[in-house]
Every structure is written in structure tokens, then in C-alpha cells.
J.: 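Got a structure for you, questions after.
None of these values were measured; they are calculated from a predicted model. Just so it is clear: chains get the letters A, B, ... in the order the sequence lines come, proteins before strands, and each one is counted from 1.
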Amino acid sequence: MSNALLEVDSLHVEVDDKPILKGLGIAVQAGEVHAVMGPNGAGKSTLANVLAGRPGYAVTSGAMIFDGVDLADRLPEERALLGLFLAFQYPVEIPGLSNMEFLKAAIDARAKHAGLDEPSAADFIKRAREAAGRVGLSADFLRRGVNEGFSGGEKKRNEILQMLLLQPRLAVLDETDSGLDIDALQVVAAGINAFRSANNAVLLVTHYQRLLNYVVPDRVHVLADGRIVRSGDHTLAEQLEQKGYGWLAS
Amino acid sequence: MAESAEINALVEREYAAGFVTDIAAETLPPGLDEGVVRAISAKKGEPEWMTEWRLDAYRRWRKMRPPRWAHVRFPDIDYQAISYYSAPTGDKPKSLDEVDPELLRTYEKLGIPLHERAKLAGVEGADESAPVAVDAVFDSVSIATTFKEELRDAGVVFCSIAEAIREHPELVRRYLGSVVPKPDNFYAALNSAVFSDGSFVYIPKHTRCPMELSTYFRINAANTGQFERTLIIADAGSYVSYLEGCTAPMRDDNQLHAAVVELVALEDAQIKYSTVQNWYPGDEQGRGGIYNFVTKRGACLGARSKISWTQVETGSAITWKYPSVVLRGDESVGEFHSVALTRNRQQADTGTKMIHIGRGTKSTIVSKGISAGRSQNSYRGLVRMNHGAAGARNHTQCDSLLIGDHCGAHTFPYIESKLPSATIEHEATTSKVSDEQLFLCQQRGIDAEKAVAMIVNGFCKDVFRTLPMEFAVEAAQLLEVSLEGAVG
């Protein structure tokens with residue numbers, strides 16, 4: 001466990017003074033895809049958000065170590081630059097700020113952090129178009145405002161596009177599969193599969209087993225009442241699909 | 001939540017143009033009476049008709065009261081405590097070589113080139129920049145106007161208003177006060193009595209002005225009001241793009257700036273007037289800052305003429321300003337594009353008036369108000385359709401963006417239509433720079449400060465698009481600078 005890419009240990013988190021995570025532990029190695037499943041209100045999204053450092057999620061005890069770095073007291077942008085990526089459950093719109101400018105700023109921030117030159121505009125545009133093509137968004141969309149007037153499916157594709165472009169070490173996908181039709185689901189799944197490599201890892205937070213038909217996880221965890229109550233291989237997801245979560249509840 | 005406090009902290013940043021130039025100046029003692037009006041006129045060497053014009057304005061002003069309807073609060077101004085004239089001593093320089101180096105350094109520090117070297121092409125691979133002619137107004141006088149020769153060759157007159165009164169009296173007598181009459185409002189009347197300098201532009205028939213014209217206003221002296229007067233006349237079929245910038249030192253007292261700008265567009269003429277207003281806004285507690293009480297109006301006199309106002313307002317303690325267009329000529333077009341950013345304790349009440357008189361006249365209003373800190377930001381706009389304005393159309397888009405929880409955004413649209421067939425559209429939105437938007441940017445590795453600047457720039461995009469290229473860059477940078485420190 002010592003050289004895990006992500007190691008979460010006995011994590012307790014409160015939101016508005018209410019305990020949500022109550023001693024959660026999970027370890028993810030590079031090269032792995034983990035799925036965190038569980039009923040509504042179990043704390044799945046809290047896990048995703050607290051990892052990314054969203055304000056309002058207070059860690060009261062426990063630790064989150066990412067690539068050897070303690071995430072406590074790290075700003076959200078610092079975590080991002082360390083290589084932690086969150087695909088949002090409800091991507092927000094930023095009217096007037098084009099996707100292109102937004103993505104360029106994100107890429108440039110990474111380059112600066114790594115002490116590299118910013119990519120040229122031409123190089124950047126080429127990469128952005130390529131990534132857009134892979135998630136089935138037209139190049140025209142890059143000129144539109146960030147998520148501005150996007151359908152639910154387009155917003156989720158845009159999250160995957162950003163993941164492909166930014167190439168994080170760990171991608172945390174918060175219910176990226178929710179609200180997708182079957183075509184979009186397959187596009188998203190293909191994006192995740194293309195992203196998978198020996199150097200990175202994926203944490204899929206999902207309510208349904210559906211996405212796991214296309215992205216086969218190495219480990220499946222069941223989160224209930226703020227803790228991991230069961231872990232197993234991908235067959236655990238199938239069991240959950242058949243039996244629901246009730247049989248695991250204590 | 002804690003992050004709202006963070007967002008509020010975003011809007012505290014030093015004012016970069018706040019230095020004072022140490023230069024000998026001749027300043028009239030505070031106070032205003034007929035003697036002062038005559039003294040100003042005499043200093044300018046004005047003809048008798050101009051002196052009388054000023055005195056008439058002064059007598060009207062004495063009977064007027066300041067407007068109270070704006071959504072701004074400030075203590076009564078003691079008009080006898082203000083000095084109405086201040087000028088660097090010495091004769092007006094005849095050429096740039098004679099301008100006091102201290103003044104040239106002032107403008108250099110502000111990034112305003114008072115030399116006629118066009119920027120060199122190809123330097124650092126940059127685009128070749130077109131030269132811009134500058135009229136620099138320091139306190140009450142114009143100290144230099146560049147590129148006069150080149151403009152004269154094109155038949156364009158670009159000089160200080162004082163010079164125009166002497167050299168082009170026929171044009172000045174005909175048009176001065178024709179768009180903004182002396183008793184139009186309290187501040188306009190005051191300006192008419194005591195205005196000391198400003199710019200004058202005349203573009204002859206069928207002439208496209210060969211370069212951008214700009215005036216840079218600098219208030220330097222303490223306890224002094226600045227009352228500039230600008231008159232731009234675009235003769236039939238001509239075109240001019242005019243830019244205006246302004247800054248002032250940081251001082252604890254409020255200073256009054258009451259300008260009047262009049263634009264006249266004859267048949268088929270076009271005037272594009274852009275302002276980047278960055279007067280000292282006062283400090284975090286609201287101490288000091290400029291009271292920017294300005295009357296700007298354009299008259300589309302000729303058929304198919306067009307006047308566009310674009311303003312980026314980031315400075316001033318209080319802004320009271322409504323650049324307007326009177327659409328007299330048939331099928332004439334009026335445009336108003338505005339970005340007004342207020343922070344700390346700033347108050348802005350700004351907007352426009354579009355008065356449709358001619359047939360088939362069209363107007364467009366795009367207003368973007370951004371409020372941060374404890375500021376108050378109001379849009380106030382009037383669209384009036386007169387009986388004769390058959391087929392007139394207006395479209396108004398009025399958007400407010402709030403940063404933090406302690407500021408206010410207000411919209412006061414007035415629509416007066418005597419014409420059932422007129423088309424008037426009004427759209428308004430209010431939104432907040434949300435914690436969600438900020439977090440999205442941060443999660444992608446963009447720091448909070450940069451993120452807020454990007455979000456605000458996105459919000460203003462429709463207006464920045466209408467600015468001349470170099471000004472658009474300046475405006476975006478100014479906005480970014482003004483927002484620096486807004487997130488902890």
C-alpha cells in the first residue's frame with residue numbers, strides 16, 4: 001500500500017457540521033481503475049469533492065495522500081497541478097469565456113507549474129481539436145462559452161475532453177455516467193478506456209453498474225454511511241446490480 | 001461560507017496611476033463668481049462672444065440645483081471650495097520639444113506616448129501598430145497634441161478647444177452647446193461657465209480620419225476641478241474613431257470632474273467614441289476619489305449617420321454619466337456599449353439615452369455592470385420613440401454581474417414610446433460569479449485571481465469586441481488589474 005498513487009486513510013469529513021464520511025479508507029495504485037458505488041446519500045460525491053479540495057468540505061481527521069503529497073491544506077489549484085482531476089457531476093456554465101481560452105489557461109498553468117514553455121497556439125488548437133473529436137464534439141464547440149447552452153450530455157463529454165487534454169495522474173469521475181443516453185455513455189466510456197494507462201488511475205464514482213459494462217474496473221468498493229463496507233473485483237458490481245444495496249447495509 | 005469572504009477580498013488593489021507630478025502650477029484661488037469666469041476666459045485669450053457665452057451659462061447655473069435622482073449618495077459639494085483653474089506655469093509649448101520633461105515623464109509613466117514615433121514594425125514580431133494622435137490635457141490645459149501636421153494634410157482639425165475657439169470660431173459658435181445646451185443640467189451648466197480645455201475635432205466631408213484620435217486627461221493639482229469640453233464634428237460622409245483615457249493621483253479629498261462632450265454627425269458620417277475611464281476610485285473605506293459627473297451626447301443630424309459610444313468605466317468614487325444619442329436624421333444609428341466595474345465603496349449610475357426622432361432610426365444598447373466589494377452599480381437608460389420615428393427600433397441588453405455578497409446591482413430602464421409601431425426590446429440578466437465557476441477553474445489548475453478575471457472578461461466580451469484593438473487589450477488588462485486581490 002505504501003507506494004499507492006492515492007491513499008485515503010480513516011477519513012472523516014463534515015459538511016455544514018454534519019458528519020458525512022466516517023473513517024473511509026481506500027488505496028489506488030497507478031494503472032488501476034476503481035469504482036466507488038453506493039446508495040444515494042452514502043457520501044460518494046463528498047469523497048470526490050473532498051479529494052479535489054472543494055470549499056465547504058471539512059476534513060476533521062484522517063489523511064489523503066496523493067502521489068506522496070499530503071493533500072491537507074493544499075488549494076484546489078495546487079491539487080489540480082499535482083495531477084488530480086475531477087470530472088464534475090454538474091458542470092457549471094461560464095458564459096462568454098470560450099472553451100478555447102479556458103482550456104488554454106488550464107494547459108498554460110500546467111506548463112508553468114512544470115517549468116515548461118506554454119504550447120504554441122497552433123499546437124494547442126491541434127490538440128484541443130483532436131480531443132474534441134475523440135468525444136464527438138465538433139471543433140466549432142471550442143469557440144463557444146464554457147458549457148454555455150450545452151446539453152447535459154455535451155457537458156459530460158466536455159469533462160472527458162478536459163481529462164484527455166490535461167492528462168492527469170488521477171481522474172476522479174463524479175457520476176459522469178448519470179443522465180447520459182447510450183450513445184453518450186459509450187463515448188464517455190471510450191474516452192476513459194483511451195485514457196487508462198500504467199501511469200495513471202481512475203476513480204469512478206457511480207450509482208449504477210451501467211458504465212462498468214464498458215469500463216471494467218480493477219476494484220469495486222461499496223460506500224455506505226460514510227465508510228467502505230465491501231470491496232471486491234468487478235463481479236461485485238454485477239451482484240449489486242442484481243441484489244441492490246440493501247443486502248450490504250448493516 | 002468562507003469563500004464569499006475570499007471573493008470579497010478580491011477587490012483590493014493599489015491604484016497604479018496614483019502618483020503626483022511635482023510641477024509649478026498657476027492655480028486660481030478657490031471660489032466661483034463672475035470674476036472667476038471672466039478670469040478663465042481672459043487666461044484663454046478668448047473673444048468677447050465666448051466670455052458672454054460663459055457668463056450666460058454661469059448665471060443660469062446659479063439658479064439650478066444638482067440632480068438628486070441618481071442612485072448615489074454623497075455629501076453636498078461646496079462649489080466655493082473648489083479651484084476652477086490650474087495650469088502648469090510657462091507659455092504653452094510650440095512643439096513637443098518644448099514640453100516640460102516632467103510632464104512628458106508623467107505621460108510616459110502612464111503609458112501614453114507623447115512622441116510621434118510610430119511604433120516600429122516587426123519589433124518582437126508584433127503587429128505593426130497604427131500611430132495614434134494624442135491630445136494631452138493636464139489639469140486645465142492641453143499641453144501637447146501630436147501628429148498635427150499629418151492630420152492637417154488630411155484636412156482634419158485636431159486641437160485643444162481653446163485653440164479652436166481662436167482658430168475656428170465659425171465652427172465652434174455654430175456647434176458648441178448645440179447638442180448639450182448650457183442649461184441642460186446642473187453640471188453641464190457649470191462646465192459651460194468654467195470649462196478650461198478639452199479637445200476639438202473636425203473631420204471634413206468625405207474624409208476618413210487617417211488615424212485614431214485620442215485625448216488623455218490627467219488631473220494633478222489638489223482641490224481643483226477638471227472641466228473639460230470636447231466637441232467633435234464629423235462632416236458629411238466622414239469617419240472618425242476617437243479614444244479617451246483618464247487618471248488622477250490618489251488623494252483623500254474628493255475631486256470634481258464635470259466634463260461635457262458633444263458629438264455632431266452629419267449626413268452619412270460616423271463617429272466612434274471610446275472611453276477607458278480610470279479616475280482614482282478612492283480607497284477601501286471610500287475616502288477620496290473623483291466625482292465623475294459627465295454629460296456626453298451625440299447628435300445624428302444627418303440621414304444615415306451613426307454614433308457609437310463604448311465606455312469601460314473602472315475608476316471614480318462616483319460616476320454619473322449617460323452618453324446619449326439624439327437620432328434626428330432618417331435611418332441614423334445610435335449605439336451604446338458599456339462595461340462599468342465598481343468595487344470597494346464605488347458608486348456608479350450610468351447608462352444612456354436613445355432619442356428616436358427620424359424615421360427608420362435604430363439603436364442598440366449593451367450594458368455590462370460588474371459590482372464587487374461594497375459598491376453600488378446602476379444602469380439607467382431611456383429609450384424614447386417620438387411620433388415621427390416610423391419604423392424605429394431599439395434593442396437593449398442589460399446584464400449585471402455580482403462578485404460577493406455585499407454589493408448591489410440595479411437597473412432603471414425607462415421606455416417612452418409615442419409610436420405604436422416602434423420595436424423596443426429589453427433584455428436584462430443578473431448573475432453572480434459563483435463559487436462553482438471559481439472552483440471549476442481552480443480544479444483545472446487556474447488560480448482564483450486569474451479565474452475571476454477570466455470570468456469577468458467573458459461577461460464583458462460583447463462590449464470589448466466593439467473597442468479598437470489596442471484599447472480592447474488595455475481594457476481587459478485594466479479590468480484584470482482592478483480585480484486583482486479580489487480572491488484571498
J.: Where on B:C441 is there a heavy atom nearer than 4.5 Å to chain A: the side chain, the backbone, both, or neither?
T.: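 For B:C441, backbone and side chain are both near chain A.
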J.: Quiz question: by atom type and distance under 3.5 Å, do the side chains of A:T206 and A:K44 form a donor-acceptor pair?
T.: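 Side-chain D/A pair, A:T206 to A:K44: absent.
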J.: Does any donor atom in the side chain of B:S375 or B:N377 lie under 3.5 Å from an acceptor atom in the other side chain?
T.: no
J.: Please flag which part of A:L166 lies under 4.5 Å from any non-hydrogen atom of chain B: side chain, backbone, both or neither.
T.: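 It is the side chain, since no backbone atom gets that close.
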J.: Between A:R79 and chain B, with a heavy-atom cut-off of 4.5 Å, which part of the residue counts as in contact: side chain, backbone, both or neither?
T.: neither
J.: Check whether the side chains of B:Q311 and B:K296 place a donor and an acceptor atom closer than 3.5 Å, and report yes or no.
T.: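 Looking only at side-chain atoms, B:K296 and B:Q311 do not form any donor-acceptor pair under 3.5 Å.
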J.: Please determine, among A:H113, A:Q162, A:K112, A:E78, the option with the most heavy-atom pairs under 4.5 Å with chain B.
T.: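 Of A:H113, A:Q162, A:K112, A:E78, A:Q162 has the most heavy-atom pairs under 4.5 Å with chain B.
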J.: Would you call the rings of A:F88 and B:F439 parallel, tilted or perpendicular if under 30° counts as parallel and over 60° as perpendicular?
T.: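 A:F88 vs B:F439 ring planes: perpendicular.
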J.: For atom CZ of B:R393, decide whether the heavy atoms of other residues, nucleotides or ligands shown that lie under 6.0 angstrom number more than 12.
T.: no
J.: Answer with side chain, backbone, both or neither: which region of A:E93 has an atom nearer than 4.5 Å to a non-hydrogen atom of chain B?
T.: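 Backbone of A:E93 only, per the 4.5 Å heavy-atom cut-off to chain B.
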J.: Distance only, no hydrogens: is a donor on one side chain within 3.5 Å (strictly under) of an acceptor on the other, for B:E335 and B:S308?
T.: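 Short answer, yes.
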J.: Taking side chain as everything from C-beta outward and backbone as N, CA, C, O, which of these in A:L84 sits under 4.5 Å from a heavy atom of chain B? Side chain, backbone, both or neither.
T.: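 Its backbone and side chain both get close to chain B.
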J.: If you count heavy-atom pairs under 4.5 Å between each of A:L81, A:D108, A:L103 and chain B, which one has the most?
T.: A:L81
